Amino acid sequence: MVDRKEDAKNRTALDILVAGAGYVGLAAAVSLKQARPSLAVAVVDAAPAGAWQKDGRASAIAAAACRMLDQLGVWAEIAPEAQAITEMIVTDSRASDPVRPVFLTFDGEVAPGEAFAHMVANRDLNGALRRRAEKLGIDIIEGVAVSAFDVNGAGITVHLVDGATLKAQLLVAADGVNSKLRDMAGIKTVKWEYGQSGIVCTVAHERPHNGRAEEHFLPAGPFATLPLKPDKDGTNRSSIVWVERSEDAEKLVDGDDLVFEHELEQRFGLKLGEIRVADRPRAWPLGLTLARAFVAPRIALAGDAAHGIHPIAGQGLNLGFKDVAALAEVVVEADRLGQDIGALDVLERYQQWRRFDTLQMGITTDVLNRLFSNDISPLRAVRDIGLGLVERMPRLKDFFIRQASGLSGDTPKLLKGEAI
């Protein structure tokens with residue numbers, strides 16, 4: 001049997017090389033290969049083989065992204081382990097407040113029987129995309145980073161750190177918010193730090209959540225409780241995204257477990273009975289990173305390589321899936337017309353499609369974070385009045401749900417659940 005990874009290292013000519021074997025990179029490879037089986041597609045990733053299996057986090061997948069994953073042939077595998085978000089509530093208070101009044105509630109459906117989002121374990125999402133990629137004949141090269149590349153007329157030559165060389169028409173950079181390929185391409189970014197970190201962990205609790213998600217706006221940042229599927233022994237679970245000032249987050253994660261659990265209980269409450277931390281909490285610094293360009297000759301940025309935003313609206317991964325759907329549609333249509341899929345004029349169609357939406361979301365999350373992550377009394381009064389007004393306007397609430405589900409605006413075909 002031929003070793004596919006070894007075969008990929010020795011291959012000298014590809015149509016598309018994707019750098020980054022996260023969900024965005026794998027989804028891009030699968031989208032392109034499924035729509036155009038004649039394209040030679042490979043994925044290269046710097047992380048060692050099997051590293052993705054150690055990711056214990058979960059992600060909120062919007063309805064549009066679920067439709068895309070269904071079209072790509074992976075949602076049927078993921079769905080049994082996915083938890084639908086059936087309701088969402090929003091509060092604005094302090095951690096010490098004895099009562100947290102609910103200012104805003106959302107029904108979790110965008111259509112009868114279709115939740116506006118699902119919570120999916122990262123391992124399940126990545127594993128399903130990997131298996132689909134392998135079935136389509138996509139080579140996945142792991143544990144090898146890109147060291148350099150040269151753009152030469154009709155193609156791009158990519159050099160790997162192990163000495164291998166790959167040639168392609170198009171290089172898709174999906175290598176994360178600290179993208180080395182973005183820097184190699186000379187693409188500048190607009191970037192600033194929030195002085196906040198996001199603490200992520202899984203919490204086991206006594207009573208079922210019934211699919212309800214909660215977002216509590218606290219002075220240091222939002223505290224989100226996101227419902228997960230019960231584990232194999234029936235334990236009720238939720239995923240926590242807890243934003244704190246960076247110095248406080250580091251102390252909480254690195255400090256005594258009893259202190260962490262006490263602070264967690266103050267924010268989580270006991271509405272679901274007794275709680276316990278089910279895995280090791282981890283913290284990530286938060287900031288805003290927006291690429292000044294999404295494309296360069298023979299290169300397209302996707303996912304966090306193009307944009308890293310605050311998690312306050314839970315849209316980071318879903319923006320990446322929008323990138324994938326738009327890029328795949330542009331590239332596939334160009335290939336059908338016999339155009340050069342890596343030519344700058346083709347890639348600029350993708351940039352025009354995605355850049356404004358991304359900028360808009362980046363600004364929105366930045367403003368929301370600045371508006372809600374404080375304890376200024378007059379500002380608190382204004383925002384609470386605003387939340388109350390939205391609660392009383394069903395059409396506006398429906399608009400926000402459509403936005404959160406990814407089904408508004410100029411939506412690519414894959415996000416509508418349509419083939420390219």
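When reading the values below, keep in mind they use all heavy atoms of this one structure, side chains included, and skip hydrogens, waters and symmetry mates. Quick caveat: nothing in here was measured; it's all calculated off a predicted structure.
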Go through the side-chain N and O atoms of Arg237 and Gln83 and say whether any donor and acceptor fall under 3.5 Å apart. no
Can you give each donor-acceptor pair under 3.5 Å made by side-chain atoms of residues 411-420, sequence neighbours left out, with the distance rounded to 0.1 Å?
| from | atom 1 | to | atom 2 | distance (Å) |
| --- | --- | --- | --- | --- |
| Thr411 | OG1 | Ser408 | O | 3.3 |
| Thr411 | OG1 | Gly409 | O | 3.3 |

Distance-only donor-acceptor pairs under 3.5 Å for side chains of residues 177-187, two or more places apart:
| from | atom 1 | to | atom 2 | distance (Å) |
| --- | --- | --- | --- | --- |
| Ser179 | OG | Asp175 | OD1 | 2.6 |
| Ser179 | OG | Asp175 | OD2 | 3.2 |
| Ser179 | OG | Leu181 | N | 3.4 |
| Ser179 | OG | Arg182 | N | 2.9 |
| Arg182 | NH1 | Val177 | O | 3.1 |
| Arg182 | NH1 | Ala305 | O | 2.9 |
| Arg182 | NH2 | Val177 | O | 2.9 |

Residues that Phe372 engages under ring pair (Phe, Tyr, Trp, His ring centres under 6.0 Å), provided they are two or more places apart: Phe217
Pairing residues for Asp257 by the side chain to side chain contact (heavy atoms under 4.5 Å, CB included) criterion, not counting sequence neighbours: Arg280
Give every residue pair that meets the ring pair (Phe, Tyr, Trp, His ring centres under 6.0 Å) criterion with at least one member in residues 270-309, sequence neighbours excluded. none
Sorted by first residue and then second, give each ring pair (Phe, Tyr, Trp, His ring centres under 6.0 Å) pair with at least one member in residues 53-95; sequence neighbours left out. Trp75-His118
Could you work out, with side chain to side chain contact (heavy atoms under 4.5 Å, CB included) as the rule, every residue matching Asn236, not counting sequence neighbours? His205, Pro208, Pro230
For residues 357-364, which side-chain N or O atoms pair as donor and acceptor with protein atoms under 3.5 Å away, sequence neighbours left out?
| from | atom 1 | to | atom 2 | distance (Å) |
| --- | --- | --- | --- | --- |
| Asp357 | OD2 | Arg354 | NH1 | 2.7 |
| Asp357 | OD2 | Arg354 | NH2 | 3.3 |
| Thr358 | OG1 | Arg354 | O | 2.9 |
| Thr364 | OG1 | Gln360 | O | 2.8 |

Applying ring pair (Phe, Tyr, Trp, His ring centres under 6.0 Å) to Phe260 and not counting sequence neighbours gives Trp242
I'd like to know if the side chain of Arg207 reaches the main chain of Leu270, judged simply by a donor and an acceptor atom lying under 3.5 Å from each other, with no hydrogens or angles considered. yes
For Glu261, all residues meeting side chain to side chain contact (heavy atoms under 4.5 Å, CB included), sequence neighbours excluded: Val277
With sequence neighbours left out, write down each residue that passes side chain to side chain contact (heavy atoms under 4.5 Å, CB included) with Glu77, or none if nothing qualifies. Ala128, Arg131
Side chains of residues 57-67: which donor-acceptor partners sit under 3.5 Å, not counting sequence neighbours?
| from | atom 1 | to | atom 2 | distance (Å) |
| --- | --- | --- | --- | --- |
| Arg57 | NE | Asp55 | OD1 | 3.0 |
| Arg57 | NH2 | Asp55 | OD2 | 3.0 |
| Ser59 | OG | Asn122 | OD1 | 2.7 |
| Arg67 | NE | Glu114 | OE2 | 2.8 |
| Arg67 | NH2 | Glu114 | OE1 | 2.8 |
| Arg67 | NH2 | Glu114 | OE2 | 3.3 |

